[in-house]
Amino acid sequence: MDNDRRVLIPIPALFSFEECLWFLNRNYDDCLHLIKNNTIYKSLALDGELLLIAIKSNGAFLDVSVLEGNVSAEAKDFLTKYVVDWFDMDRNIQPFYDGLLADNRLSYMADAYQGLRVIGIANLFEAICWSIIGQQINLSFAYRLKRRLVERFGEHLEYDNHVYHIFPAAEILAEAEVDELRGMQFSQKKAEYLIGIARAFLDGSLSKEMLLDLPDFEARKKALISHKGIGVWTANYALMKSLKEPEGIPHGDIGLLNALTSHGIIQERSETQKIDALFAQFKGWESYLVFYLWRSLAVKELA
DNA sequence: CTCCAGGGCAAAT
DNA sequence: ATTTGCCATGGA
């Protein structure tokens, strides 16, 4: 790939592309990226145009190549920021590791998952829709529903015999019919929630910019929860994944509870004081703790 | 067949 | 202010 279609991003300390790649390449069928030969392929929309990028590790750098689409200086800047945000590269996570090492129940993670970053979802609309889709159903089914939604309402581009999808724009989903989503096996409520959220993004009552303008984490959480379909879990998930809020703890998350149980931190799901005490140890790094606990679940799946 | 999944809402205590 | 019933579907 010639250099004017490529950007190199320096890899920070305590960053592992392999660990991040592992997360994206779990046992699930995610329709929004493809991983092949340790390379991530993903389509992105920039100013109404679709790009296809390939991301791979290249020594001390992440190599981001543009396979399709125009590559202006602005596009390079956008892509750099996108990837840095996606893999949370612009953060020194040493303090989190200090916290892990100080807890003998969790210290193994500093070595076992070294360099894993909280993988983000830059698009807040997508993050919210995805968490609504995933409410109270198994993840395999959730990914299947997401794929149906994306293939029906999202844009795509084709490259080298492969289709690369973009998450649907709120403008499109706002016009969708509940009945059609029902036919795609969304529940009545989830269909209503998704369309309602899309309309909220359309009329401006919800947006990433609006949330960022609010004074603090609690205000942003409150603003999210005021919308139908967004409860505590979804709000925290969205704040964690899209706004990279360190305080975002998806309370009640079944995976989180299972991980806390398997690490001997709680015996019963109702032991919220013990959970609060653990997260108090990780002030400012709550979302990292959640993500590493989720990471720990997958080992069991493979066993 | 039963139980439960990366929950949330509205009605009933 | 907390608890309960229900939602939809599929995998174990």
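As the structure is a prediction and not an experimental result, all values here were calculated from the model. When reading the values below, keep in mind they use all heavy atoms of this one structure, side chains included, and skip hydrogens, waters and symmetry mates. Chain letters run A, B, ... following the sequence lines, proteins first, then strands; residues in each count from 1.
Among the protein residues, A:Arg269 comes within range of the sugar-phosphate backbone only, with heavy atoms under 4.0 Å from sugar or phosphate atoms but none that close to a base. At a threshold of 4.0 angstrom between heavy atoms, the contacts of A:Leu145 with the nucleic acid are absent. Here A:His251 lies out of heavy-atom contact (under 4.0 Å) with every strand. When heavy atoms are screened at a 4.0 angstrom cut-off, A:Phe186 is found touching no nucleic acid atom at all.
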Please enumerate all protein N or O atoms sitting under 3.5 Å from an N or O of nucleotides 1-4 of chain C, with distances to 0.1 Å.
none

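Map A:Arg144 and A:Gln188 each onto its nearest nucleotide of DNA chain C; the residue landing nearer the 5' end is A:Gln188. For the pair A:Asp253 and A:Lys189, nearest-nucleotide mapping onto DNA chain B gives the more 5' position to A:Asp253. Place A:Lys228 and A:Trp294 on DNA chain B by their nearest nucleotides, and A:Trp294 ends up nearer the 5' end.
Taking a heavy-atom distance under 4.0 Å as the criterion, the stretch of DNA chain B touched by chain A extends 5' to 3' from B:dA5 to B:dA10.
Rounded to a whole Å, the CG atom of A:Leu181 is 13 Å from the P atom of C:dA8. Between the NZ atom of A:Lys190 and the P atom of C:dA8 there is a distance of 10 Å, rounded to whole Å.
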Would you be so kind as to tabulate the donor-acceptor pairs closer than 3.5 Å made by side chains of residues 274-282 of chain A, with sequence neighbours excluded?
{"residue": "A:Lys274", "atom": "NZ", "partner": "A:Gln267", "partner atom": "OE1", "Å": "3.4"}
{"residue": "A:Lys274", "atom": "NZ", "partner": "A:Glu271", "partner atom": "OE2", "Å": "3.0"}
{"residue": "A:Gln281", "atom": "NE2", "partner": "A:Asp103", "partner atom": "OD2", "Å": "3.2"}

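Below 30°, between 30° and 60°, or above 60°: for A:Phe87 and A:Phe15 the angle between ring planes is above 60°, a perpendicular geometry. Taking the six-membered ring where the residue is Trp, A:Tyr288 and A:Tyr292 present tilted rings, their angle falling between 30° and 60°.
In this structure, CD1 in A:Ile53 is found 4.5 Å from CG in A:Leu44, a value given to the nearest 0.5 Å.
Aromatic pair A:Phe291/A:Phe23: ring centres closer than 6.0 Å. Between A:His263 and A:Tyr108, a ring centre-to-centre spacing shorter than 6.0 Å is recorded.
Side-chain atoms of A:Gln114 do not come within 3.5 Å of backbone N or O of A:Ala112 as any donor-acceptor pair.
Residue pairs meeting the salt bridge (charged side-chain N to carboxylate O under 4.0 Å, His left out) criterion with at least one member in residues 39-66 of chain A, sequence neighbours excluded, are A:Arg6-A:Asp63.
Partners of A:Glu177 under the side-chain hydrogen bond (donor to acceptor under 3.5 Å, both in side chains) rule, at least two apart in sequence or in another chain, do not exist in this structure.
Residues of residues 131-140 of chain A that place a heavy atom closer than 4.0 Å to DNA chain C, in numerical order, are A:Gln136, A:Ile137, A:Asn138.
Checked by atom type, the side-chain pair A:Arg148/A:Gln185 shows a donor-acceptor distance below 3.5 Å.
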Check: Given A:Asn70 and A:Ser72, is the side chain to side chain donor-acceptor pair (under 3.5 Å) satisfied, shown in steps?
Finding: CA-CA 6 Å; A:Asn70 292 324; A:Ser72 60; over 6 Å; no
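Spacing between C:dT4 and B:dG6 at atom C1', rounded to whole Å, works out to 22 Å. Using P as the reference atom, B:dA11 and C:dA8 are 16 Å apart when rounded to the nearest Å.
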